[in-house]
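One structure is given below, encoded as structure tokens.
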Amino acid sequence: MIRFILNLLWFVLGGWLSGLLWLLGGLLLAITIVGLPYAGAAWRIAGFAFWPFGKEIVSREIVTGRSDIGTGPLGFLLNLIWFVLGGWYIALSHLLIAVAEAISIIGIPFAIKDLQLAYIALAPIGRTVVRR
């Protein structure tokens with residue numbers, strides 16, 4: 001019940017906008033051939049951005065128990081390109097929002113989720129969102 005309330009508050013107070021922006025970013029990435037590998041990651045992040053409570057971000061290698069193309073050297077290279085071309089400023093925006101949310105005690109759970117969004121925005125390839 002607490003997760004539902006937190007997710008509802010998150011969604012109403014800005015999670016819908018964050019999720020929509022991640023969906024839009026994924027759509028724009030999917031239009032280009034170069035951005036296609038990043039579109040799926042952006043859509044996974046959008047699902048987390050809409051309803052983050054009760055979910056966590058983990059390496060896909062932990063979930064599957066084996067390495068794959070996104071968790072190996074190619075995934076590292078794709079994450080490096082992502083970071084240079086835009087991941088750092090997306091992460092910075094989530095970090096700034098988290099600082100503003102953490103000012104009040106009530107906003108601390110929301111700040112933690114924005115910090116998690118900043119973390120995945122730095123390097124989304126090879127990561128996935130799982131339910132806790």
Side-chain angles (χ1 to χ4, degrees):
M1 187 64 172
I2 295 294
R3 279 189 213 163
F4 175 75
I5 292 169
L6 288 172
N7 275 322
L8 189 60
L9 285 171
W10 172 272
F11 186 82
V12 169
L13 297 175
W16 65 273
L17 180 59
S18 179
L20 283 178
L21 290 174
W22 277 105
L23 283 175
L24 177 63
L27 180 65
L28 294 174
L29 288 165
I31 291 171
T32 69
I33 293 173
V34 177
L36 198 54
Y38 302 106
W43 291 329
R44 274 192 307 279
I45 297 168
F48 182 78
F50 279 126
W51 310 102
F53 292 95
K55 298 177 184 174
E56 64 181 306
I57 300 160
V58 296
S59 171
R60 202 167 49 236
E61 192 171 11
I62 292 171
V63 174
T64 62
R66 59 186 170 82
S67 183
D68 62 25
I69 196 166
T71 60
L74 182 60
F76 176 78
L77 179 63
L78 289 172
N79 277 328
L80 186 62
I81 293 168
W82 171 272
F83 178 81
V84 170
L85 295 180
W88 67 271
Y89 69 81
I90 297 170
L92 181 62
S93 68
H94 283 293
L95 180 64
L96 293 173
I97 293 168
V99 168
E101 290 169 335
I103 291 173
S104 70
I105 292 174
I106 295 170
I108 291 174
F110 301 108
I112 291 169
K113 291 302 176 180
D114 261 310
L115 289 175
Q116 290 174 348
L117 280 164
Y119 167 72
I120 198 170
L122 287 175
I125 305 299
R127 304 218 194 299
T128 191
V129 177
V130 295
R131 290 191 180 273
R132 268 195 263 164

* State plainly whether one hydrophobic cluster holds both Ile81 and Trp88, where clusters connect Ile, Leu, Val, Met, Phe, Trp and Tyr through side-chain heavy atoms under 4.5 angstrom apart. => yes
* Within 6.0 Å of CZ in Arg66, more than 12 heavy atoms from elsewhere -> no
* Shared hydrophobic cluster for Trp82 and Leu77 (ILVMFWY, side-chain gaps under 4.5 Å) -> yes
* Find the distance between CD (Glu61) and OG1 (Thr128) and round it off to the nearest 0.5 Å. => 13.5 Å
* Validation row: Glu56, Val130 side chains within 4.5 angstrom (heavy atoms) -> yes
* Asked: Does atom CZ of Phe83 have more than 12 heavy-atom neighbours from other groups under 6.0 Å away?
  -> no
* Locate the shortest heavy-atom distance separating Ala98 from Asp114; write the atom from each residue and the value. => CB-CB, 3.8 Å
* **Main-chain N/O of Leu78 paired to Tyr38 side chain as donor or acceptor, under 3.5 Å** => yes
* Please indicate whether Ile5 has more than 12 foreign heavy atoms, meaning atoms of other residues, nucleotides or ligands, lying under 6.0 Å from its CD1. => yes
* Decide yes or no for Val12 and Trp16: does some side-chain heavy atom of the first lie under 4.5 Å from some side-chain heavy atom of the second? => no
* Could you point out which residue of Ile57, Leu23, Leu117 forms a side chain to side chain contact (heavy atoms under 4.5 Å, CB included) with Ile45? => Leu117
* Does atom CD1 of Ile69 have more than 12 heavy-atom neighbours, drawn from other residues, nucleotides or ligands, at distances under 6.0 Å? -> no
* To do: Identify the two heavy atoms, one from Trp10 and one from Ala49, that lie closest to each other, and give their separation to 0.1 Å.
  => NE1-O, 2.6 Å
* Between Leu17 and Trp43, is there a shared hydrophobic cluster once you connect ILVMFWY residues whose side-chain heavy atoms come closer than 4.5 Å? -> yes
* Under the side-chain contact (heavy atoms from CB on, under 4.5 Å) criterion, do Leu115 and Leu95 qualify, and how do the steps go? -> CA-CA 6 Å; Leu115 289 175; Leu95 180 64; 3.5 Å; yes
* What heavy-atom pair brings Gly54 and Arg3 nearest, and what distance separates the two atoms? -> CA-CD, 3.4 Å
* Asked: What heavy-atom pair brings Ala42 and Gly26 nearest, and what distance separates the two atoms?
  -> CB-CA, 3.7 Å
* Structure fact -> So CG of Asp68 and CG of Leu74: to nearest 0.5 Å the spacing works out to 10.0 Å
* Structure fact -> Here the pair of heavy atoms bringing Arg60 nearest to Gly70 is NH2-CA, 3.3 Å
* Residue from Phe48, Phe110, Phe4 passing ring-ring contact (aromatic ring centres under 6.0 Å, His included) with Phe53 -> Phe110
* Give a yes or no answer on whether the side chain of Thr71 reaches the backbone of Ser67 with a donor-acceptor pair at less than 3.5 Å. => no
* **Ile2 CD1 to Asn7 CG distance, which is reported to the nearest 0.5 Å** => 11.5 Å
* Structure fact -> Val129 and Arg44 have their tightest heavy-atom pair at CG2-O, 4.0 Å
* In Å, rounded to the nearest 0.5 Å, how long is the span from CG of Leu21 to OG of Ser93? -> 9.0 Å
* To do: Kindly work out whether a path of hydrophobic side-chain contacts (I/L/V/M/F/W/Y, heavy atoms less than 4.5 Å apart) joins Val63 to Tyr119.
  => no
* Gap separating the CZ atom of Arg127 from the CD1 atom of Ile120, nearest 0.5 angstrom -> 7.5 Å
* Is the distance between the ring centroids of Trp51 and Phe11 under 6.0 Å? -> yes
* Interatomic distance, Ile108 atom CD1 to Ile103 atom CD1 [nearest 0.5 angstrom] -> 11.0 Å
* Asked: Taking a hydrophobic cluster as the set of Ile, Leu, Val, Met, Phe, Trp and Tyr residues connected by side-chain heavy atoms closer than 4.5 Å, whether directly or through intermediates, do Leu27 and Val34 fall within one such cluster?
  -> no
* Non-hydrogen side-chain atoms of Pro109 and Glu101 separated by less than 4.5 Å -> no
* Just wondering, are more than 12 heavy atoms of other shown residues or ligands nearer than 6.0 Å to CD1 in Ile106? -> no
